[in-house]
Amino acid sequence: MLLVRMKFLQLLFRKPRKLEMLFQVPFCQKQFPYMCLATSACLYSKKKKVNSYEQVDQEKYKNLVYSVTSYKTSAQTPETIFEEDNLLYGPPSKHRPPIKAQTKTPKNWVPLINPNKRIPLLNSDSDVPRKIALQKNKMPSVTRILQQTLSPQQAFYLERWRQKMILELGKDGFEEYTKNLFLQGELFHTALESIFLSEEMAAKEQREDVAISGYLSSVQHVLEDVSEVQALESAVQHETLQYLGLVDCVAKYRGQLCVIDWKTSEKPKPTLKNTFDNPLQVAAYIGAINHDANYDFQVSCGLIVVAYKNGSPAHPHFMDPNLCSQYWNKWLLRLEEYMDRN
């Protein structure tokens with residue numbers, strides 16, 4: 001048995017090309033299995049594996065190696081993901097900046113301030129706010145024009161909000177919700193009108209109305225800066241551009257005559273941008289007043305007051321003459337778009 005082992009070890013240390021010859025040599029009266037010889041050949045010819053990572057240019061990939069080895073979580077951030085997507089697929093079309101409306105020039109440009117309107121030096125009826133009833137005619141309203149010229153993005157978000165509310169409240173519940181919002185808005189405007197007309201009893205009763213008490217509390221600090229009311233819930237129309245609207249209030253706010261638009265909201269709107277198309281609406285009303293013969297004054301400023309149902313302080317957004325002029329140009333473009341469609 002010892003002799004067999006010695007011969008087998010001699011066999012392993014011979015060169016591979018001599019294995020076939022040795023295979024024919026008998027020992028211990030038995031031929032050594034071929035499989036055993038094949039295994040021995042593999043063991044003999046096996047080479048040491050080379051670690052591929054040792055060949056990597058460590059200096060070149062230093063940052064990559066560091067980012068991978070130094071973070072327990074993913075090293076990717078939203079910025080790196082966008083960079084990777086842009087590299088692989090190019091910038092997405094939806095991120096391309098749209099053409100801004102303010103870069104366009106209205107074809108039928110009309111000034112915001114009417115240069116031909118004469119303002120009387122004294123007005124004996126200045127203490128009595130104007131309240132002109134809205135007469136229905138073929139002229140489109142400011143609200144209708146804005147609703148029918150919403151941008152695709154605005155229409156998308158509005159529809160998504162509507163579908164979300166229907167999903168939560170049901171179709172009938174959503175209709176009831178919008179009906180209540182409209183009713184609260186009417187009651188709120190009526191209460192403000194009573195306050196400005198010094199109808200103390202009516203104002204007191206409306207303050208006690210739970211539906212609008214929060215809104216009235218919300219605007220108290222703004223009302224302190226409002227004076228010399230010139231118009232309340234009064235119709236206006238632009239005689240040249242042929243549109244009309246109903247102005248909430250025209251009064252002085254901190255000494256400057258403004259078109260004031262009262263808005264109600266359940267969510268905070270701390271910036272003018274949060275009010276969406278309301279600045280265009282105010283600019284449209286300012287232009288209409290300035291070109292309406294029923295008003296013997298002109299306005300160059302605007303104010304949007306957002307009142308909150310929970311009584312938190314309202315956000316007043318003042319629009320100076322320069323800002324009003326910018327929104328006036330945007331309004332003229334929306335008006336042109338509406339006229340082209342109709």
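Values in this document were obtained by computation on a predicted structure and should not be read as measured data.
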### Query
For Glu337, which residues count as a salt bridge (Lys or Arg N to Asp or Glu O under 4.0 Å) partner, sequence neighbours excluded?
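Once residues adjacent in sequence are excluded, the partners of Glu337 under the salt bridge (Lys or Arg N to Asp or Glu O under 4.0 Å) criterion are Arg341.
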
With a cut-off of 6.0 Å (strictly less than), are more than 12 heavy atoms of other residues, nucleotides or ligands near [atom1] of [X]?
X: Gln153; atom1: CD; result: no
X: Lys252; atom1: NZ; result: no
X: Lys164; atom1: NZ; result: no

Heavy-atom closest contact ([X] atom, [Y] atom, distance):
X: Trp328; Y: Gly287; answer: CZ3-CA, 3.7 Å
X: Ala155; Y: Leu150; answer: N-CB, 4.4 Å
X: Glu239; Y: Ala293; answer: OE2-N, 3.3 Å
X: Val236; Y: Ala288; answer: CG2-CB, 3.8 Å
X: Ile113; Y: His291; answer: C-CE1, 4.4 Å
X: Ala235; Y: Tyr295; answer: O-OH, 2.6 Å

Taking atom types as modelled, is there a side-chain donor on [X] or [Y] under 3.5 Å from an acceptor on the other?
X: Glu224; Y: Gln220; result: no
X: Tyr253; Y: Ser227; result: no
X: Asn274; Y: Thr271; result: yes

Contact between [X] and [Y] at the side-chain level, heavy atoms closer than 4.5 Å - yes or no?
X: Val305; Y: Asp261; answer: no
X: Met339; Y: Pro140; answer: yes
X: Arg162; Y: Leu158; answer: no
X: His238; Y: Met139; answer: no
X: Ile289; Y: Phe297; answer: yes
X: Pro279; Y: Trp331; answer: no
X: Tyr308; Y: Ser265; answer: yes
X: Arg144; Y: Tyr338; answer: yes

Can a donor-acceptor pair be found, under 3.5 Å and without considering hydrogens, that links the side chain of [X] to the backbone of [Y]?
X: Gln154; Y: Ser151; result: yes
X: Ser234; Y: Val247; result: no
X: Thr149; Y: Ile145; result: yes
X: Tyr285; Y: Ile260; result: no
X: Glu336; Y: Lys107; result: yes
X: His221; Y: Ala314; result: yes
X: Asn114; Y: Asn290; result: yes

### Task
Apply side-chain contact (heavy atoms from CB on, under 4.5 Å) to the pair Thr105 and Asn329, showing each step before the final yes or no.
CA-CA 8 Å; Thr105 303; Asn329 288 333; over 6 Å; no

#### Entry: Ion pair Lys263/Asp248, N-O distance below 4.0 Å
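A salt bridge is absent here (no side-chain N lies under 4.0 Å from a carboxylate O).
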
Consider only side-chain heavy atoms of I, L, V, M, F, W and Y, link residues closer than 4.5 Å, and tell whether [X] and [Y] are in one cluster.
X: Tyr157; Y: Ile166; answer: no
X: Leu181; Y: Ile212; answer: no
X: Val250; Y: Leu246; answer: no
X: Leu332; Y: Leu323; answer: yes
X: Leu192; Y: Leu197; answer: yes

### Query
With sequence neighbours left out, what residues match Pro111 under side chain to side chain contact (heavy atoms under 4.5 Å, CB included)?
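Pro111: side chain to side chain contact (heavy atoms under 4.5 Å, CB included) contacts with Trp109, Pro115.
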
### Query
Would Asn294 and Asp292 satisfy side-chain hydrogen bond (donor to acceptor under 3.5 Å, both in side chains), going step by step from the backbone distance to the final call?
CA-CA 5 Å; Asn294 292 314; Asp292 191 331; 3.2 Å; yes

### Task
Under the side-chain hydrogen bond (donor to acceptor under 3.5 Å, both in side chains) rule, what do Gln184 and Tyr215 come out as? Steps first, then yes or no, please.
CA-CA 9 Å; Gln184 288 176 17; Tyr215 294 125; 3.2 Å; yes

Euclidean distance, [Y] [atom2] relative to [X] [atom1], rounded to 0.5 Å:
X: Gln281; Y: Ser141; atom1: CD; atom2: OG; result: 9.0 Å
X: Leu257; Y: Gln298; atom1: CG; atom2: CD; result: 10.5 Å
X: Asp340; Y: Leu335; atom1: CG; atom2: CG; result: 9.5 Å
X: Ile286; Y: Cys324; atom1: CD1; atom2: SG; result: 3.5 Å
X: Gln256; Y: Asp225; atom1: CD; atom2: CG; result: 12.0 Å
X: Leu232; Y: Ile195; atom1: CG; atom2: CD1; result: 11.0 Å

### Task
For a side-chain contact (heavy atoms from CB on, under 4.5 Å) with Asp296, tell me which candidate from Arg130, Arg118, Lys117, Gln230 qualifies.
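Answer to the side-chain contact (heavy atoms from CB on, under 4.5 Å) test with Asp296 among Arg130, Arg118, Lys117, Gln230: Arg130.
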
### Message
If you apply the rule side-chain contact (heavy atoms from CB on, under 4.5 Å), what do you find for Val259 with Leu303, and how did you get there?
### Response
CA-CA 6 Å; Val259 165; Leu303 179 70; over 6 Å; no

### Message
Check the orientation of Trp161 and Tyr177. Use parallel for under 30°, tilted for 30 to 60°, and perpendicular for over 60°.
### Response
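It falls in the tilted class, 30° to 60°.
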
### Task
Kindly indicate, with the supporting measurements, whether the criterion side-chain contact (heavy atoms from CB on, under 4.5 Å) is fulfilled by Thr275 and His317.
CA-CA 9 Å; Thr275 62; His317 302 297; 3.9 Å; yes

### Within 45° cone and under 6.0 Å: Lys330 NZ/CZ vs Tyr327 ring
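Judged by the rule (NZ or CZ under 6.0 Å from the ring centre, within 45° of its axis), Lys330 counts as positioned above Tyr327.
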
#### Entry: Where at least one partner belongs to residues 270-291, residue pairs that pass salt bridge (Lys or Arg N to Asp or Glu O under 4.0 Å), sequence neighbours excluded
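Pairs touching residues 270-291 that pass the test: Asp277-Arg334.
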
### Asn108/Leu241 under side-chain contact (heavy atoms from CB on, under 4.5 Å): CA gap, chis, key distance, verdict
CA-CA 9 Å; Asn108 186 22; Leu241 295 175; 3.8 Å; yes

